[in-house]
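Written below as structure tokens is the structure these notes are about.
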Amino acid sequence: MFINHDYIGELLENNKTTSKDEIKTILQKAKNFQGLTHEEIAKLLYIEDGELLKELYSVAGSIKNKIYGKRVVMFAPLYISNYCVNNCRYCGYQRCNEFPRRRLDKEQIQEEVKLLEKMGHKRIALEVGEDPVNCPIDYVFEAIDTIYETENVNGNIRRINVNIAATTVENYKSLKDRNIGTYILFQETYHEDIYKEMHPKCLKGDYNYHLTAFDRAMEAGIDDVGGGVLFGLADYKFEILALMLHNDHLEKEYGVGFHTISVPRLKKAEGMSLDQFPNIVTDDEFKKIVAIIRLAVPFTGIILSTRESVDMRNEVIDYGVSQVSAGSCTGVGGYKESDAKKDVGQFITSDERTPLQVVKDLIKDGYIPSYCTACYRSGRTGDRFMQLAKSGNIENVCNPNALMTLMEFICDYGDEDLAITGKKTIYDEANKIEREDMKQLTLKNLEKIENGERDLFL
Ligand code: SAM
């Protein structure tokens, strides 16, 4: 298997002490987007010195700036079923938790979609618990069709990323046929013993089946896959190295690694308490995790959720996060129900700001919130996307698309205050576009959007 526990153990054992000079040399190398070797990652994981940490964050920030510019992509999760046959010790949906389970019918899904759209979302992550009887795969397929088809006041949801349990090649083919964006699956933990301990006597407990899910997805033709670790289950140093081995495996076998990596951190949930978990990740460790991933895989998106507080989100956006969720509910039907607080969410969230507030705050901090969904709609997926990203050419489309979708957001969901600050940012940035043809095209499209046209993208 491609996750070799002994190899990771040796890496961690043999790289505990590294001189300051050597760390600085590694950081300098990483600055040129060359990624990191396994040994180098292990060495960086042991940094404790304040000055070196600052340097690590600064290099992560400069990589992020160079590759992603000021863009931060926005999305929201949509939970449609909390039936679950699994026993995940950390999850509010674990089967021993007793609460009224539900799954949304077509009309209820449409209502949720309309509410998400009303907040300005164009990209969602579809989430369900695993239950072959109460939430069969055909239900998920139909839900995807419903979401894409739901007519909203200001246009439809344009990209559905899907986070469902590991499944078969055949089912992945059907997901692919439904034009999903990224197939997302968190490994939870790469540590086999801890994995088994965390998922006792349940479908999800098959470590190898879960670990090879992306192989089956790739075989089925899904070439954008999103990995992740639930930080807090096992030693984070082990997890980062394992995550990188997984990425290497995908690159070697299928020519492209993770499209995105998510960095969920364990939160309090129904039926568990955090003190049962000895590997909880501190805030300082979390920052280091984000920065090291940014150095190791410069072209892979990093996704941050509302599990993190406003302050933490603001800080790690600087160190490499490229996508954030906003206005999230982790309960089924949570966007609709005013009594959502009675619903059992999968875990608690820490950033309660509305998407409008998040957009305003990002702009105030010098970022460009982006609702762009153009890449996969234009066939820029898998290694095609990575080639463009690595050559730097992706910038020519990402930047204009971010500005155009932000303009849409301002026109359709903004208030007076955002109209002033947001439009100024947009036109300042558009005028900085280096290629004259792209600049003119962007300016023309921005004008069209202000005059009512929608969904313009490159
Ligand atoms: N059922 C799918 C599966 O098995 O992968 C989707 C999982 S769930 C809807 C999405 C993710 O939430 C999980 O993969 C897990 O990492 C995360 N999660 C579960 N409990 C959590 C908690 N207490 N704190 C933070 N994240 C949690």
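Indexing begins at 1, ligand by ligand and atom by atom, following the structure's order. Side-chain atoms are counted along with the backbone in the values below, which use heavy atoms only and exclude waters and symmetry mates.
For E239 and T189, the side-chain atoms include at least one donor-acceptor pair closer than 3.5 Å. For D383 and Q387, the side-chain atoms include no donor-acceptor pair closer than 3.5 Å. At a cut-off of 3.5 Å, with distance as the only test, no side-chain donor of S350 or R313 sits close to an acceptor on the other residue. A side-chain donor from one of N163 and E127 sits under 3.5 Å from a side-chain acceptor of the other.
For atom 19 (C) of ligand 1, the closest heavy atom belonging to the protein is Q346 NE2, 3.5 Å. Of the protein's non-hydrogen atoms, E127 OE1, 3.2 Å is the one closest to atom 9 (C) of ligand 1. When only non-hydrogen protein atoms are considered, atom 15 (C) of ligand 1 lies nearest to E188 OE1, 3.3 Å. When only non-hydrogen protein atoms are considered, atom 21 (C) of ligand 1 lies nearest to F347 CD2, 3.7 Å.
Ring pair H210/Y195 is tilted by interplanar angle, where 30° to 60° counts as tilted.
Residue contacts with ligand 1: R307 is placed with a nitrogen or oxygen under 3.5 Å of a nitrogen or oxygen of the ligand (distance criterion only). Where the criterion is an N or O separation shorter than 3.5 Å, residue side chain and backbone included, K268 fails it with respect to ligand 1. Not a single N or O atom of N86, backbone or side chain, sits closer than 3.5 Å to an N or O atom of ligand 1.
With a 4.0 Å heavy-atom cut-off, ligand 1 is reached by the side chain of L230 but not by its N, CA, C or O. At a heavy-atom cutoff of 4.0 Å, ligand 1 is contacted by the backbone of R265 but not by its side chain. Under 4.0 Å from ligand 1, the heavy atoms of L185 that appear belong solely to its side chain. Counting heavy atoms closer than 4.0 Å to ligand 1, residue F186 contributes side-chain atoms (C-beta onward) but none from N, CA, C or O.
Ligand 1 places these atoms under 4.0 Å from at least one heavy atom of A269: 23 (N). Short contacts between ligand 1 and K267, defined as distances under 4.0 Å to a heavy atom of the residue, involve ligand atoms 22 (C), 23 (N), 24 (N), 25 (C). Numbered from 1 in the order shown, with element, the atoms of ligand 1 that lie under 4.0 Å from a heavy atom of V128 read 1 (N), 2 (C), 6 (C), 9 (C).
A salt bridge links R71 and E395; the closest N-O separation between the charged side-chain nitrogens and carboxylate oxygens is under 4.0 Å. The residues R265 and D283 are annotated as salt-bridged, a charged nitrogen and a carboxylate oxygen being separated by less than 4.0 angstrom.
Interatomic distance, E188 CD to L211 CG, rounded to the nearest 0.5 Å: 12.5 Å.
For atom 4 (O) of ligand 1, the nearest non-hydrogen atom from the set K204, E130, H210, M272 comes from K204.
Within a 6.0 Å sphere centred on NZ of K66, heavy atoms belonging to other residues, nucleotides or ligands number 12 at most. Taking a 6.0 Å sphere around CD of Q276, one finds it holds more than 12 heavy atoms contributed by other residues, nucleotides or ligands.
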